[in-house]
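Everything below concerns the one structure shown next.
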Amino acid sequence: MNTDADQPRAFLATIPKLSYLLIFLPVVIVLKIAHADPIAIFICSGIAILGTVTLIGKATEEIAVYAGPLWGGLLNATFGNITELIIAMFGLVAGPTMYPVVLASITGSILGNLLLVLGAAMLYGGTKYQTQSFSRTGAHVNVGMLWVTLIMLSVPTVITLLPQVDPVFVEHPEWASTFVQESSLTAAILLLILYGLTLVFSLRTHRFLLRPDVEHHETAEWSKELSAGILLGATLCVAFLSESFVGAIEHMREAGTLQMSELFIGVIIVAVVGNAAEGMVAVWVARDNKMELSFQIAMGSCLQVALLVAPVLVIASYFLASEPMSLTFSLFEIASLGAAVLVSSAALNDGESNWIEGAMFLAVYLFFAVVFWFHP
Amino acid sequence: MNTDADQPRAFLATIPKLSYLLIFLPVVIVLKIAHADPIAIFICSGIAILGTVTLIGKATEEIAVYAGPLWGGLLNATFGNITELIIAMFGLVAGPTMYPVVLASITGSILGNLLLVLGAAMLYGGTKYQTQSFSRTGAHVNVGMLWVTLIMLSVPTVITLLPQVDPVFVEHPEWASTFVQESSLTAAILLLILYGLTLVFSLRTHRFLLRPDVEHHETAEWSKELSAGILLGATLCVAFLSESFVGAIEHMREAGTLQMSELFIGVIIVAVVGNAAEGMVAVWVARDNKMELSFQIAMGSCLQVALLVAPVLVIASYFLASEPMSLTFSLFEIASLGAAVLVSSAALNDGESNWIEGAMFLAVYLFFAVVFWFHP
Amino acid sequence: MNTDADQPRAFLATIPKLSYLLIFLPVVIVLKIAHADPIAIFICSGIAILGTVTLIGKATEEIAVYAGPLWGGLLNATFGNITELIIAMFGLVAGPTMYPVVLASITGSILGNLLLVLGAAMLYGGTKYQTQSFSRTGAHVNVGMLWVTLIMLSVPTVITLLPQVDPVFVEHPEWASTFVQESSLTAAILLLILYGLTLVFSLRTHRFLLRPDVEHHETAEWSKELSAGILLGATLCVAFLSESFVGAIEHMREAGTLQMSELFIGVIIVAVVGNAAEGMVAVWVARDNKMELSFQIAMGSCLQVALLVAPVLVIASYFLASEPMSLTFSLFEIASLGAAVLVSSAALNDGESNWIEGAMFLAVYLFFAVVFWFHP
């Protein structure tokens, strides 16, 4: 079997269809040089990111074949959310006025994976199969981790409300801001430790529990060097595109031409761009009754954002940004995160799904999307 | 077998005992003509409503025998909470000062069915049987739906608090009221869609899951025409009685002779009057170990109020009332609803019940009843 | 077999090693006479309490052998948290300025048992066994009870926030304080009733459910008289030591030499001192795969504090203290209690545990310990 794509046509055949959207990359370059309307750059960058993300996913899978299940799993876990991380990093560097958008994109990734992707998978799969199942123990551990994450992410936000209600803080409002920073950093460190432990759990001590029916490619389609080269190249493309994407949002903000609320941009648009590629795979496989795989893609992506991306951003802000970014979400983001975890917790802990549970997830997603849209 | 109740005595034998309370209907008429003390009208209307509701239940069951399980189920689902709907409609027409009572009656129906009815059923059944069981999948779907409902019902209320804590809204308090209305309407529409989907789920795609051991009458005791006639007549009676009932509350409010807090009237009294008939059946059958039936009566009634009655009222208020009614409950109502869903979620998701779980439900109900009583 | 410890050496061999810490009792007496630094008295009393608690545990177990399972269980249940109760009583008598510490010690006992003890047991046991199990029904009932407790403990605190958000209370702030007291007393009475019902449930109607693999000593090592004597003596010692312990905290408060926030002292230090002895047993037995026993020690201790100690303190404050103590925790205590119950609820309801669930519990405990430490 020819594993080296030496012929262009054979190589193209192995590329995921969605990657063709990369032709929007030169469009973005031209638009940037021509100082075109930020809205056009915003849209084209978004589309091109979608294409690049698909390519990164494929390249990671290829390398995983060579690296074996353990390192392959680790690689997959790390590169799975590299796009969110890069977009957010550019937001961070852009300064404190962009922090709400950065935080909103974290909220959006969690909401999008849990409610939109998993909900669509459960609905789409459930219209064909009456009941679909996945590992109950896996669901339990993951939902438990979601609760821990939610608790740590929401305490700093709650602290920002203290000067309004607690007499001690009414006199010393500056205490609250120090307290918020201390608790954000504590949360970030503990979340990173939990991320490390999760890897040990899922790749070492309890592998069998979490990956019972996930299938792997047996043979690689690309050579080791080609895969590594594409991974590197695509990551650089994403970096460039993310810069354009975030820059366009900033320009629209400054020019006052942003037609949507900032919350809507961050929570809905940015998150959909960053997670669409993976998300579509999750919905697709549900139709083949591979609910376990759907569940792991959506939940894995969601937990990586919460346990890896969010804390890395908080810690990185101490070095890269002009001032530290704390985990101060808006009240509605905390409410929507709480709702997402609650609904997941209620629906997933029996290890079974059906179409109406999917419909519930989508209804909650839609509800908060509308609320974020109308948010003044 | 004689299905036509052509002889008065035979007919009377088929009528549920509780319907005899309908003799309070003429009493109410006399009291109203005599402009009697509103408290007397209030009490007599309440008792007469109880009797009428029982008759509506019986007539619906009879028609269901002719209509077959699908349409019968739909009919049952729709007429099950017609009383709450009619009482609330009269409240709506009475104007904005009655809105808190209308909303409180929604809270009360949910609390009453979940905590009081289901709790009493679990306690009463549990003193005879060590463990009683019901469909775990049914419990899961229903509890999940309760969470979705709670989320959508509480967001508008949370928004009303924003002007106190969020600097953006402190400057523009009028933004909050528009936002409350938009989110209420969104919630109402999504809840109605979910109600439709629930019917499809429970009557079409997953009937077997939710109704495994529910027994149906094999033969009808009344003719089709008699059943339809009684259903129509009883519904008209309920309409008249509800108007008296709500009117009496309004009069007492204006005269300042209301001995109880408005919250207590709405949440406890109105809800008990509207749900007592069905509730007693649910508690009764638990003693015969038909816990599945108890569970479905209580949960079904509770979800109908949340998914059908509440959104219909919000939407109807745009046409019937002088100003739209938003879903702005008091903080305590949201707290009690949250508590009810939490406790249900914790106790029901294993598909088993015992007497101490029933005792917990009743303790939480009692606690909030006392809190509503003492509420200034 | 010689059940009477007539020879000192044989008697000493039957004493738990940790009891030797009682030699700090004379040290405390000397320090008090010498009016030594409160910090020294604080530390030595803490250590001596640890020793005494172990002795009380042993004596209770011995008496339980004579008393039979029913009364023995009742005795165990009652004396299990006698230390917390005595410490808290002294805090109560010391007056309203000590109430926050008393309430914090209740929070701390619940957090400590649920998150620290159970988390450590799950982690320590989980490093040896891949999955450990315990009664699912027991977990369900206990977690349900935790939710009921959390609801009742948090409503009075929520009421204290009303004057900041509810227009009705803004005009009449004194209404809130009456309302807080009424709801605290209601909660206390209902919790005590639930405690009584829990005893009936676990010792009478559902004994088999909750104690499947708990082993009992077959023969007593001490005589009846000796056990009773030691129980009495040790309880008196705990009373004396608690008075020193609480007194030392008060002195440090007044002198302003308290290096830690009051919340940290109450929630972390006092709770660890009061629960360490029992807690270590729970962690120990998890390593022998007796997870059911670990679970029952931790959960039992936690529920006793919530259902017995907390309400007894509220009611006792009407007789012993200068003014009634209401259940007004700080916002962070309620948040941490909510977090603890949430995480327990998510992780325990399948009746299985593994090391990463233990790690999650400890992470949440650590997070709140740090938050309490930094709390201004």
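A, B, ... follow the sequence lines: proteins, then strands. Residue 1 opens every chain.
Across all their heavy atoms, C:Ser105 and C:Val102 have their closest contact at OG-O, 2.7 Å. Taking both residues in full, the closest heavy atoms of A:Thr205 and C:Gln130 are given as O-NE2, 2.6 Å, listed atom of the first, atom of the second, then distance.
Rounded to the nearest 0.5 Å, atoms OG (C:Ser294) and CE (C:Met299) are 12.5 Å apart. Distance CG/C:Leu118 to CD/C:Glu357: 10.0 Å, rounded to 0.5 Å.
Side-chain atoms of C:Glu292 come within 3.5 Å of backbone N or O of C:Ser135 as a donor-acceptor pair. With C:Gln132 contributing its side chain and C:Ala286 its backbone, the two residues share a donor-acceptor pair below 3.5 Å. Listed for the C:Thr160 side chain is a donor-acceptor partner under 3.5 Å among the backbone atoms of C:Thr157.
Heavy-atom distances place both the backbone and the side chain of A:Ser183 under 4.5 Å from chain C. Heavy atoms closer than 4.5 Å to chain C are found in both the backbone and the side chain of A:Leu197. Only the backbone of C:Ala347 comes within contact range of chain A, with heavy atoms under 4.5 Å apart.
Counting heavy atoms from C-beta on, the side chains of A:Leu362 and A:Leu116 come closer than 4.5 Å. Residues C:Thr127 and C:Arg287 are in side-chain contact: their nearest non-hydrogen atoms beyond the backbone lie under 4.5 Å apart.
Against chain A, the residues from residues 322-332 of chain C that qualify, each with a non-hydrogen atom under 4.5 angstrom away, are C:Leu331, C:Phe332 in number order. Listed by sequence position, A:Gly144, A:Met145, A:Trp147, A:Val148, A:Ile151, A:Met152 are the residues of residues 144-152 of chain A in contact with chain C, using a 4.5 angstrom heavy-atom cutoff.
Not a single side chain to side chain donor-acceptor pair (under 3.5 Å) links A:Asp350 to another residue, sequence neighbours left out. Under the ring pair (Phe, Tyr, Trp, His ring centres under 6.0 Å) criterion, A:Phe361 pairs with no residue, sequence neighbours left out.
In terms of heavy-atom pairs under 4.5 angstrom with chain A, the leader among C:Leu342, C:Val370, C:Val364, C:Leu366 is C:Leu342. Heavy-atom pairs under 4.5 Å with chain C were tallied for A:Val155, A:Ile193, A:Ile189; the largest tally goes to A:Val155.
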| said: With side-chain contact (heavy atoms from CB on, under 4.5 Å) as the criterion, how do A:Thr186 and C:Val371 come out once you've worked through the C-alpha distance, each side chain's angles and the decisive distance to 0.1 Å? | reply: CA-CA 8 Å; A:Thr186 309; C:Val371 167; 5.9 Å; no
